Colleague: 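This is the structure, below, for whatever I ask next.
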Amino acid sequence: MSEAPEKTANTRTVENATCTFCGCVCDDMILTVDLDEKRITKAKNACVLGRAWFAEHTIDENASPALIDGKPATVDDAVEEAARILVDARFPITYGLSDTTCEAQRVAVAITDMIHGNIDTTTSVCHGPSGLAFQGVGESTMTLGEVKNRADLVIYWGGNPAESHPRHFGRYAVTAKGLFTPGGKKDRTIVLVDVRKTPSAGAANIFLRPKPGKDFELLWALRALVKGRRLDPAVAEDTGVPLEAMQDLAERMKNCRYGVLFFGMGLTMTRGRHFNSGALLALATDLNEFTHFVAKPVRGHGNVTGADNVVSWQTGYPFGVNFSRGFPRFNPGEFTTVDTLSRGDADAALIIASDPGANFPKKAIEHLHNIPVITLDTKQTATTSLAKVAFRTATYGINTGGTVYRMDDVPISMRPAFESPFPTDEEILKAIRTRVHELLLARGAGGAAPGSKVAARRGEFT
Ligand code: SF4
């Protein structure tokens, strides 16, 4: 009697898949997928963070695709409830967007425009100050491919990419071998400027440690040195960096072939904020008098750069945009989500692929508990737990295709690994958009109360 054949796993391999865990958006993943268990069993080329991202995303077949007041509901009913909440609100806000596709992001902007709401992304709590600095100072920019092929001086300022973006060094900027950098790290000088000695210091040829809160002063001193000005030696005591070290760095910057300044939240979210980012961007501009120099923020979430791009195409501004007057207005501090919640302005919230309920200030979280919240997320979070309507959606990049932007503004098309039983963010948002449109038309046609938002939208009340 012959033995029963051993059960072999029903697997497939997906080449050139994309990891969307961080802003590096590595698109050289080779994924092994167990189609029976609907999970990724191997992610070749992924770093430790990427491997955890792929391993974590399993499908919970028992989860309901939609919940209303915590109880299972159909997607259609949840869409109806979400649309009604948004249309009824006087100050609805949309927030999140940095962990979803560009296709979903643009539908979210359209909904917010239709309901005269307020749209903001996670940029407002990470590189928002850089967004302000770009508008004020400008940006000498590049792609990471150029850095790999050309950069011989790489400066990381206020970040720890060895732990936050593990493949940034190997794929793009430190050990990567390029056309004009065939020796990889041997052909580059790596500088780290940070208030802490992190694991990234191990990759650096030069480590400068300014006093906390003195980045602006150090950047301004470097600008002066690059322009040939003499500095008061007291600047060393003020910044914590020896004058000789500043002079050495200024000379290296002026004399390199292709220099790059990568900057992180250690620069943008500390004392000085957009002045710090602006000083760094101005330094890069100054250096173009002598050589080719560029600057780029190191972005965190997988598609936060896409969120900046999409919101900018559609409204003219990258985040913190308000449509209540029927046209986009940009005012960080007023229209950014921590502020609209903490002040109690928002009376409904549409939160997409983000968890402000876990990481916002206490006052903002308290207000989220007091207003109807609609969430789209791949898993249960602190925010989905307080939601009036919660949609469970497919994971971008793993279960859905679509477009994401790498931190250098290069768009990348994703190759999904396996199908999810849950709808995509884009599908849910399109359904909400359709229903919002129908409700607005119906309410308008039915005669809106004078002074109401619907009437104002129809031009009946000014
Ligand atoms: S560096 Fe970032 S995008 Fe690349 S594999 Fe690691 S976590 Fe994923």
Side-chain angles (χ1 to χ4, degrees), residues 13-33 39-58 97-102 122-123 126-127 143-148 151 154 156 158-178 184-185 190 192 198-200 202-204 260 262-266 296-309 353-355 378-379 395-418:
T13 303
V14 184
E15 299 207 350
N16 298 321
T18 304
C19 174
T20 52
F21 182 76
C22 83
C24 284
V25 188
C26 300
D27 58 350
D28 59 346
M29 301 289 114
I30 302 174
L31 304 178
T32 306
V33 187
R39 67 186 183 93
I40 293 163
T41 53
K42 193 169 168 199
K44 192 172 168 200
N45 295 336
C47 70
V48 60
L49 299 178
R51 284 200 296 276
W53 163 257
F54 286 116
E56 245 170 43
H57 278 91
T58 51
L97 297 169
S98 53
D99 273 320
T100 190
T101 61
C102 292
T122 60
T123 285
C126 61
H127 270 281
T143 66
L144 291 171
E146 281 178 62
V147 172
K148 172 184 171 177
V154 178
Y156 288 97
N160 177 18
E163 291 187 315
S164 61
H165 299 74
R167 294 188 78 211
H168 203 273
F169 288 173
R171 196 153 190 248
Y172 305 116
V174 177
T175 51
K177 294 180 179 169
K185 193 173 177 211
I190 310 298
L192 179 71
T198 63
S200 296
V260 53
F262 286 116
F263 56 107
M265 284 170 58
K296 203 80 196 160
V298 178
R299 304 305 304 273
H301 292 281
N303 198 25
V304 68
T305 307
D308 287 358
N309 274 279
S354 180
D355 191 13
T378 59
K379 56 191 180 307
T395 303
Y396 79 136
I398 293 180
N399 311 126
T400 80
T403 312
V404 293
Y405 275 67
R406 204 167 62 186
M407 65 171 77
D408 56 349
D409 297 287
V410 171
I412 290 171
S413 297
M414 297 183 293
R415 297 179 179 195
F418 60 93

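Start at 1 and go down the list; that is how both ligands and their atoms are numbered. Since the model is a prediction, treat every value here as computed from it, not as a measurement. Heads up: numbering here begins at 1 and tracks the sequence.
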Colleague: Determine the minimum heavy-atom distance between His165 and Cys24, stating which atoms define it.
Modeller: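 Where His165 meets Cys24 most closely, the heavy atoms are CB-SG, 3.9 Å.
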Colleague: Restricting to side-chain contact (heavy atoms from CB on, under 4.5 Å), what partner residues turn up for Ala353, sequence neighbours left out?
Modeller: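 For Ala353 the side-chain contact (heavy atoms from CB on, under 4.5 Å) partners, ignoring immediate neighbours, are Asp99, Thr100.
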Colleague: Going by the rule side-chain contact (heavy atoms from CB on, under 4.5 Å), which residues pair with Ser98 if we only count those two or more places apart in sequence or in a different chain?
Modeller: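 For Ser98, the residues satisfying side-chain contact (heavy atoms from CB on, under 4.5 Å) (neighbours in sequence not counted) are Thr122, His301, Val304.
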Colleague: Which atoms of the protein, restricted to N, O or S, are nearer than 2.8 Å to atom 4 (Fe) of ligand 1?
Modeller: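 Checking every protein N, O and S atom gives Cys26 SG.
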Colleague: State which residues pass side-chain contact (heavy atoms from CB on, under 4.5 Å) with Asp27; sequence neighbours excluded, sorted by chain then number.
Modeller: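 Asp27 satisfies side-chain contact (heavy atoms from CB on, under 4.5 Å) with Thr18, Arg171, Ile412 once adjacent residues are dropped.
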Colleague: Taking the six-membered ring for Trp, are Tyr156 and Phe262 parallel (under 30°), tilted (30 to 60°) or perpendicular (over 60°)?
Modeller: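 Parallel.
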Colleague: Side chains of Thr143 and Asp408: is there a donor and an acceptor less than 3.5 Å apart?
Modeller: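 No, Asp408 and Thr143 have no side-chain donor paired with an acceptor closer than 3.5 Å.
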